[in-house]
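FYI, side chains are in, hydrogens and waters are out, and symmetry mates aren't considered; it's all heavy atoms of this structure.
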Amino acid sequence: MGRTEIEFTESEMRHLAEMCAMVLSMLGQAMPDMKDPRADAWQKLCIGLLRAARGVPAIGKDMELNPDCGYWFFKRPYIDAAFYSDVLDEYRDSTFWAELVSRMAEQVLVENLGPEYVNQMTEEERNSRVSGLEKALWHEVTHHGLERAMFMLPQTES
């Protein structure tokens with residue numbers, strides 16, 4: 001495939017650079033040791049786009065050669081105020097709560113019905129039961145956080 005040229009306004013280039021920073025941050029957290037050619041290709045593309053963004057004076061002043069990762073990236077004060085940081089924080093937060101509620105619902109099901117019974121359930125039946133528990137737990141979490149949740153440890157661990 002041949003080369004393609006596209007033009008961006010300064011604002012669009014800043015958005016693209018922030019999108020690249022977000023992708024690189026996510027890849028670094030989600031797949032730090034994974035040797036997947038697709039992840040490598042995304043990383044290479046994002047690094048190249050950040051290098052290109054650095055050439056725009058208004059964007060370049062917010063960037064530095066990051067010694068931790070070895071490529072041009074946004075400076076910490078910029079990252080702290082950047083929209084992509086807000087997106088990542090919201091994503092992490094929603095993922096945390098979704099995972100917590102899902103695992104709690106599965107745990108409640110196993111504790112109430114027993115692991116043998118739960119293992120004999122069809123996937124559809126298990127999903128139906130877990131879904132009902134998740135709805136109740138979501139209601140609790142969205143209205144009260146973890147304030148009223150109790151975590152019981154076995155006597156050997158308390």
Side-chain angles (χ1 to χ4, degrees), residues 11-51 53 59 62-158:
S11 176
E12 291 169 334
M13 191 64 193
R14 182 173 295 276
H15 292 321
L16 182 61
E18 284 197 24
M19 285 185 241
C20 290
M22 183 172 69
V23 167
L24 289 169
S25 297
M26 290 181 83
L27 285 173
Q29 287 181 1
M31 307 169 85
D33 300 323
M34 186 174 202
K35 298 297 177 203
D36 186 319
R38 297 170 299 179
D40 291 342
W42 279 30
Q43 184 177 23
K44 184 178 176 181
L45 176 62
C46 288
I47 290 169
L49 289 167
L50 284 172
R51 189 178 323 115
I59 301 170
D62 296 320
M63 299 179 82
E64 64 187 356
L65 186 58
N66 187 315
D68 294 332
C69 57
Y71 50 81
W72 288 91
F73 203 79
F74 288 108
K75 296 176 184 176
R76 175 54 51 194
Y78 185 86
I79 293 170
D80 292 341
F83 174 67
Y84 87 89
S85 291
D86 295 339
V87 172
L88 281 174
D89 288 344
E90 286 297 319
Y91 176 76
R92 286 183 198 116
D93 191 49
S94 66
T95 301
F96 167 79
W97 287 108
E99 186 70 17
L100 179 67
V101 166
S102 176
R103 288 180 184 228
M104 286 174 69
E106 290 173 13
Q107 184 65 29
V108 166
L109 187 68
V110 169
E111 286 176 0
N112 286 317
L113 300 178
E116 299 83 20
Y117 186 81
V118 171
N119 287 336
Q120 292 176 4
M121 296 170 85
T122 66
E123 187 172 340
E124 183 179 298
E125 190 178 16
R126 188 170 38 251
N127 288 342
S128 174
R129 296 258 187 128
V130 167
S131 176
L133 290 167
E134 284 178 346
K135 287 176 187 173
L137 287 166
W138 266 118
H139 178 76
E140 182 66 25
V141 167
T142 56
H143 288 84
H144 304 287
L146 291 177
E147 292 173 12
R148 299 186 334 179
M150 290 180 50
F151 296 94
M152 308 280 293
L153 296 174
Q155 290 181 352
T156 58
E157 294 181 31
S158 53

Could you tell me which non-hydrogen atom of Leu137 sits nearest to which non-hydrogen atom of Ala105, and how far apart they are?
CD1-N, 3.5 Å

With sequence neighbours excluded, what pairs up with Arg103 under the salt bridge (charged side-chain N to carboxylate O under 4.0 Å, His left out) test?
Glu99

Evaluation steps, side-chain contact (heavy atoms from CB on, under 4.5 Å), between Glu106 and Ser102
CA-CA 6 Å; Glu106 290 173 13; Ser102 176; 3.6 Å; yes

Sequence neighbours excluded, the answer for salt bridge (charged side-chain N to carboxylate O under 4.0 Å, His left out) partners of Asp36 is Arg38

side-chain contact (heavy atoms from CB on, under 4.5 Å) partners of Glu12, counting only residues at least two apart
Phe8, Thr9

Look up atom CG in Leu27 and atom CG in Asp40, then write down how far apart they are to the nearest 0.5 Å.
9.0 Å

Please, which pairs that meet ring-ring contact (aromatic ring centres under 6.0 Å, His included) have at least one residue in residues 62-93, sequence neighbours excluded?
Phe74-Tyr78

Would you please name every residue forming a side-chain contact (heavy atoms from CB on, under 4.5 Å) with Arg92, sequence neighbours left out?
Gln29, Leu88, Asp89

Quick one: SG on Cys20 to CG on Leu49, what's the gap to the nearest 0.5 Å?
4.0 Å

What residue pairs, at least two apart or across chains, pass ring-ring contact (aromatic ring centres under 6.0 Å, His included) with a residue in residues 124-146?
His139-His143

Any chance you could measure Ser85, atom OG, to Glu18, atom CD, to the nearest 0.5 Å?
7.5 Å

Assess whether atom CH2 of Trp42 is packed by more than 12 heavy atoms of other residues, nucleotides or ligands within 6.0 Å.
no

Show the nearest heavy-atom pair for residues Leu109 and Val118, with the distance to one decimal.
O-CG2, 3.8 Å

Using side chain to side chain donor-acceptor pair (under 3.5 Å) as the criterion, list what pairs up with Glu111, not counting sequence neighbours.
Gln107

Considering residues at least two apart in sequence or located in another chain, which fulfil the side chain to side chain donor-acceptor pair (under 3.5 Å) criterion with Asn119?
none

Tell me which pairs pass salt bridge (Lys or Arg N to Asp or Glu O under 4.0 Å) where either residue lies in residues 75-87, with sequence neighbours left out.
Arg76-Asp80

Atom CZ of Arg51 and atom CG of Leu65: how far apart are they, to the nearest 0.5 Å?
10.5 Å

Tell me which pairs pass salt bridge (Lys or Arg N to Asp or Glu O under 4.0 Å) where either residue lies in residues 118-136, with sequence neighbours left out.
none

Spacing of CG belonging to Leu133 relative to CE belonging to Met104, to within rounding of 0.5 Å
10.5 Å

For the residue pair Val130 and Val108, establish whether any side-chain heavy-atom pair is separated by less than 4.5 Å.
no

Asp62 and Arg14 ion-paired at < 4.0 Å
yes

Spacing of Leu50 atom CG and Leu24 atom CG [to the nearest 0.5 Å]:
6.0 Å

